[in-house]
4 protein chains.
Amino acid sequence: MSDALSRLCGELVAAGQFFHSRGWVPATSSNFSARLDAETLLITSSGQHKGRLDAEAGFLRVDLQGVSLDAGKRPSAETGLHTLMYRRDPAMGCVLHTHSVNATVLSMRMRQVVLEGYEVQKAFPGVETHEGSLLIPVFPNSQDISALAREVDAWLEANPQTVGYLICGHGLYTWGATVADAQRHVEALEFLFECHYRQLLLDR
Amino acid sequence: MSDALSRLCGELVAAGQFFHSRGWVPATSSNFSARLDAETLLITSSGQHKGRLDAEAGFLRVDLQGVSLDAGKRPSAETGLHTLMYRRDPAMGCVLHTHSVNATVLSMRMRQVVLEGYEVQKAFPGVETHEGSLLIPVFPNSQDISALAREVDAWLEANPQTVGYLICGHGLYTWGATVADAQRHVEALEFLFECHYRQLLLDR
Amino acid sequence: MSDALSRLCGELVAAGQFFHSRGWVPATSSNFSARLDAETLLITSSGQHKGRLDAEAGFLRVDLQGVSLDAGKRPSAETGLHTLMYRRDPAMGCVLHTHSVNATVLSMRMRQVVLEGYEVQKAFPGVETHEGSLLIPVFPNSQDISALAREVDAWLEANPQTVGYLICGHGLYTWGATVADAQRHVEALEFLFECHYRQLLLDR
Amino acid sequence: MSDALSRLCGELVAAGQFFHSRGWVPATSSNFSARLDAETLLITSSGQHKGRLDAEAGFLRVDLQGVSLDAGKRPSAETGLHTLMYRRDPAMGCVLHTHSVNATVLSMRMRQVVLEGYEVQKAFPGVETHEGSLLIPVFPNSQDISALAREVDAWLEANPQTVGYLICGHGLYTWGATVADAQRHVEALEFLFECHYRQLLLDR
């Protein structure tokens with residue numbers, strides 16, 4: 001393994017252990033990717049438990065179209081939702097898909113999650129105040145990942161400031177320039193989803 | 001100890017530690033089993049704390065009728081709910097009974113838990129989409145384990161696609177071909193029960 | 001330190017670490033005791049954090065009237081609620097007072113917590129079925145510990161089957177023949193309190 | 001590094017790890033400070049994750065006006081909310097700002113949190129009984145830290161018995177003579193906020 005690949009594997013393994021400790025990657029849900037170079041990604045292989053990833057068996061390399069570069073290893077069915085992000089932005093370094101209870105519950109009850117007045121909104125690039133609002137869109141779930149990827153792509157084209165999205169009943173996608181940035185965005189959004197859920201309970 | 005027995009003990013000890021870290025095996029509740037060979041099971045012995053199982057004292061061997069094969073060691077009172085699963089299916093490798101707050105609360109309030117639209121439903125064998133529904137039956141609790149086992153057996157005969165069941169006030173039974181499979185099913189069902197509970201709170 | 005004293009200290013330190021990991025001993029709340037011999041108890045000293053007890057500084061010996069046997073060390077103000085239990089029953093081996101969110105919230109809203117239909121009720125000595133009911137009384141809080149101890153004593157005299165009690169806004173007292181038994185009772189009662197709170201939310 | 005500086009760094013690193021394990025310092029929220037001497041503070045540097053603080057990169061020294069004493073290191077934007085506390089009171093040893101879900105949710109729904117009847121109120125200096133009430137004021141959030149600091153200062157001048165305050169959507173500030181004291185106050189207030197939130201849910 002190259003040094004870069006080995007380092008990125010280590011960072012994604014650690015991210016998975018942290019997410020698992022919070023219950024955000026149950027069973028074999030979720031998948032993670034990171035950029036190795038302009039044309040190559042590292043991505044979790046299909047069917048792994050994301051809280052106990054093995055640096056060897058848990059990952060493979062794919063190109064920006066999602067074709068495996070490691071003979072015999074199969075990427076997640078949802079690879080197309082990762083590759084579109086790296087094709088859109090050469091500075092994209094990491095895409096994390098997690099699957100928490102709150103992300104799942106909120107995504108099944110609303111078409112978008114609107115977050116306003118939270119200081120933690122400043123965790124996202126370009127946000128300097130709590131006074132704006134953060135809109136997290138929810139896409140209908142589909143087992144047709146190509147169609148879903150096209151829908152996400154069109155949304156991002158029209159709403160380039162988006163920091164993450166939900167798929168109905170299926171959890172969160174967010175991203176960043178580095179694994180640390182993307183992990184910080186997961187942590188900030190999960191915090192905000194728990195706040196939002198707890199506010200909803202009081203509002204009824 | 002044989003290698004297979006030693007390996008299975010280790011897997012069940014680790015499963016118990018994980019479940020305990022989540023609060024799913026309180027006090028001396030819960031019990032676990034795994035298949036050693038066509039005629040022999042490994043099962044947790046009576047009265048142990050499942051989060052701190054000792055590989056030596058925590059387990060014994062029983063036959064498929066639940067008779068102890070280890071002189072002086074007594075299996076759990078609920079052994080009959082384990083053995084029926086192994087008699088029903090030669091590919092059955094592991095049965096896990098856990099006892100979470102959500103499984104307990106839901107089981108005391110409904111006759112079945114119906115889960116629909118969740119991507120995590122795909123954690124179960126043969127489920128390829130979130131579009132179907134997963135029905136988890138709830139049986140009345142009873143200290144007459146033989147009678148309860150007959151009721152479960154009749155249900156499974158009529159509903160062979162069942163992936164787990166609840167006993168009222170008493171928690172979850174689920175299973176799989178390996179300890180890892182059964183543990184993944186516990187994790188997926190507990191995730192779904194927490195989603196279901198949180199949805200119920202919003203629905204009132 | 002004698003072997004027995006050293007072993008009991010170790011068990012109470014470990015119990016405190018476990019309770020702290022669950023959030024049941026916040027700040028310097030809670031206190032723990034265990035019997036050393038017919039006339040002597042080990043008890044946590046005043047003002048310690050129960051999740052980070054030091055075997056040396058964290059404990060002292062007292063007699064059954066609560067008088068310190070270790071010069072310069074002061075027992076908890078609530079020592080009288082421990083000593084009464086050991087005076088009542090020569091088989092009493094351990095008394096644990098914890099302070100969870102659920103115990104606190106429930107104790108401020110009702111005069112008793114009635115638990116029915118839970119399999120976990122069998123965690124308590126002499127309970128063989130889920131069909132009975134477990135009644136946990138709630139006493140008004142008071143800074144006059146002697147008066148509170150007399151009230152508790154009178155209740156236990158009239159209701160010898162009691163397995164634990166709450167003090168309003170102040171948490172849980174439970175006990176057992178050994179540290180392991182008392183710790184199991186804390187774990188079972190905290191499980192039941194969380195079930196009860198979650199049921200109350202659905203019942204409103 | 002001096003011994004005192006090294007010891008205080010270690011205490012704040014450990015406090016951050018504990019708070020992170022509870023979810024009270026999400027993403028790069030929160031900041032911590034401690035007094036080095038009459039004129040000098042140690043404070044977390046800008047943009048660090050408070051659950052994984054590095055003793056070297058994570059901290060810098062500032063004077064009581066918040067001016068960096070370590071060339072090239074920038075203190076948190078909220079430093080002014082720390083320095084005011086040390087200027088007000090020569091016995092002030094530590095100020096901790098955390099950012100939990102409950103502190104955030106409560107602060108967005110009320111102008112003050114009033115806590116009454118909780119035994120844990122005794123965790124604060126000078127409180128000898130559960131019978132009084134603890135009032136935690138909520139200040140409107142602002143990116144103008146100087147203005148916010150003046151508002152806090154005026155409140156504390158008028159209400160010197162205050163043990164902590166909330167900023168709307170932005171979490172908790174509390175303090176103490178030592179890191180251990182301030183950490184105990186965080187733990188006590190977070191316990192009380194969770195109790196308060198759970199009571200609110202039952203009260204609706």
Fill in: Residue part contacting chain C, namely of Gln121(D), when any heavy atom lies under 4.5 Å
neither
Practice prompt. Classify the angle between the aromatic ring planes of His185(C) and Phe124(C) as parallel (below 30°), tilted (30 to 60°) or perpendicular (above 60°).
Written response: tilted
Worksheet entry | Interface moiety of Ser107(C) toward chain D, non-hydrogen atoms closer than 4.5 Å | neither
Fill in: Ring geometry between Phe19(C) and Trp24(C) (parallel below 30°, tilted from 30 to 60°, perpendicular above 60°)
tilted
Worksheet entry | Top contributor to chain C interface from Glu190(D), Arg198(D), Glu194(D), Lys122(D) [non-hydrogen pairs under 4.5 Å] | Arg198(D)
Discussion item. Taking side chain as everything from C-beta outward and backbone as N, CA, C, O, which of these in His99(C) sits under 4.5 Å from a heavy atom of chain D? Side chain, backbone, both or neither.
Written reply: both
Worksheet, complete the sentence: chain D shares the most heavy-atom pairs under 4.5 Å, among Asp203(C), Leu200(C), Ile167(C), Val105(C), with Val105(C)
Discussion item. Within a 6.0 Å radius of atom CZ on Arg52(C), are there more than 12 heavy atoms belonging to other residues, nucleotides or ligands?
Written reply: yes
Fill in: Structural part of Arg22(D) lying under 4.5 Å from a heavy atom of chain C
side chain
Worksheet item: Does the side chain of His20(D) come within less than 4.5 Å of Lys50(D)'s, by heavy atoms?
Response: no
Worksheet item: Given Leu60(C), which of Ile43(C), Thr79(C), Thr44(C) fulfils the side-chain contact (heavy atoms from CB on, under 4.5 Å) condition?
Response: Ile43(C)
Item to complete: Can you establish whether the number of heavy atoms outside Arg87(C) located under 6.0 Å from its atom CZ is more than 12?
Response: yes
Item to complete: Select, from His130(D), Glu131(D), Arg184(D), Glu128(D), the one with the greatest count of heavy-atom pairs under 4.5 Å involving chain C.
Response: His130(D)
